[in-house]
Number of protein chains: 2
Amino acid sequence: MTVRAPTELGLELAAFVPYRLNRLAVGVSDHLSDIYRERFGLDIPEWRVMATVGSQHGCTAQHIAESTRMHKTRVSRAVAHLEERELIERASSTADRREREVRLTKGGRKMYAELVPLVLERERELLACLTKEQLRGLLVGLETLESFLGLQD
Amino acid sequence: MTVRAPTELGLELAAFVPYRLNRLAVGVSDHLSDIYRERFGLDIPEWRVMATVGSQHGCTAQHIAESTRMHKTRVSRAVAHLEERELIERASSTADRREREVRLTKGGRKMYAELVPLVLERERELLACLTKEQLRGLLVGLETLESFLGLQD
DNA sequence: CCCAAACGGTTGCATCCGCAACTAATTGTG
DNA sequence: CACAATTAGTTGCGGATGCAACCGTTTGGG
């Protein structure tokens, strides 16, 4: 249970929380990407768009960008790819003709239905290394930090 | 203290730990980058190289790559930039003439000495939003996950 | 009612990044 | 001792990304 006394003189990257968070996020992401990249041919932005659109009944690119905190151009390009692969479709049906409603196609829903359980199972496997208490402590810490940085929705 | 009951049917990105970790890491990194980017003109790879080299008495690019978990080409380019700016210097003095020892120049040490306290202060400010108990819980969780994923040094 | 400002979304461009291929030096094996 | 395999580090290249500029639409103030 090392809880680090910060060094006065220099910086120890390995004990520096911003660095550790980043390294952990990358590690976890790599662990997950096996699923959506190798088995479904999605990259990270595409996966996030699928995840967002799949859990709604249609939404705008704007909403996806806010919800995933990705840059709108990144969303735009991911959506374009997914549309080419006929996993999602866009309808300009809304009252506001600037926006286009993004929805999963039948094929998209099929992929989503296969993908999500696998991904949630991976999350479960990962978190299983923590005791109930540890998990709770981690989630509380995450939530407090998110709140402090104004990140959570 | 929401600790989420995972939805059975779909995926809620906002409650998905890998996504939350990534978002938090980006948020924290942005919070820090004000310092090293705007005030010192460093980008992320350069900042990591400075942090690593500064806390040692000279090291190889290889060591920087392992320690920061950056790709060796990313390290190579960051080191090249920093050398142009005369913040670091390379000496091929070692026994093994393939490697080059990377060290801070006088200017580099000056920057490091100004930079590190600011960055550590930012970390402190960030973590101050947590109670002692919460901080401890977070660090324990981080450590367990790092260990599970084989990330820590 | 009109025009400027704001907004959703896309695209050109410059930059960043990782992979693969490369150079140069070292190590190990016969 | 020689040569194949490995390692430190760099570079060419294609793909991803963010910024700024843009298009078309909507909104709001005078």
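Quick note: numbers below take in every heavy atom, side chains included, and nothing from hydrogens, waters or symmetry partners. None of these values were measured; they are calculated from a predicted model. In what follows, chains carry the letters A, B, and so on, assigned in the order in which the sequence lines appear, proteins first and then strands, with residues in each chain numbered from 1.
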Rounded to the nearest angstrom, tell me the gap between atom [atom1] in [X] and atom [atom2] in [N].
| X | N | atom1 | atom2 | value |
| --- | --- | --- | --- | --- |
| A:D96 | D:dT26 | CG | P | 5 Å |
| B:I64 | D:dG9 | CD1 | P | 8 Å |
| B:E83 | D:dT10 | CD | C1' | 13 Å |
| B:I44 | D:dT17 | CD1 | P | 14 Å |
| B:E99 | C:dT27 | CD | C1' | 13 Å |
| A:H71 | C:dT15 | NE2 | P | 17 Å |
| B:E101 | D:dA8 | CD | C1' | 14 Å |
| A:R74 | C:dG8 | CZ | C1' | 20 Å |

(request) Could you tell me whether the side chain of B:R77 has a donor or acceptor atom within less than 3.5 Å of a complementary atom in the base of C:dG18? (result) yes

(request) Kindly indicate whether the side chain of B:R98 and the base of D:dT7 share any N or O donor-acceptor pair separated by less than 3.5 Å? (result) yes

(request) Tell me whether the OP1 or OP2 atom of C:dG8 has a side-chain N or O from A:R90 closer than 4.0 Å. (result) no

(message) Check this one for me: any side-chain N or O of B:S76 less than 4.0 Å away from OP1 or OP2 of D:dG9?
(response) no

(message) Can you work out whether A:R97 or B:H63 has the more 5'-proximal nearest nucleotide on DNA chain D?
(response) B:H63

(message) For A:E12, is there any backbone N or O sitting under 3.5 Å from a side-chain donor or acceptor partner on A:Y19?
(response) no

(message) Treating A:S33 as the side-chain partner and A:D30 as the backbone partner, does any N or O pair qualify as donor plus acceptor under 3.5 Å?
(response) yes

(request) In plain terms, say whether A:E133 and A:R136 are close enough for a salt bridge, that is, a side-chain N and a carboxylate O under 4.0 Å apart. (result) no

(message) Measuring only between side-chain heavy atoms, which start at C-beta, is B:F16 closer than 4.5 Å to A:L120?
(response) yes

(message) At 4.0 Å (heavy atoms only), tell me whether B:A78 reaches a base, stays on the sugar-phosphate, or touches nothing.
(response) nothing

(request) Mind telling me whether A:Y36 and A:W47 have parallel, tilted or perpendicular rings, with 30° and 60° as the class edges? (result) parallel

(request) By nearest nucleotide on DNA chain C, pick out whichever of A:K72 and B:D43 is the more 5' one. (result) A:K72

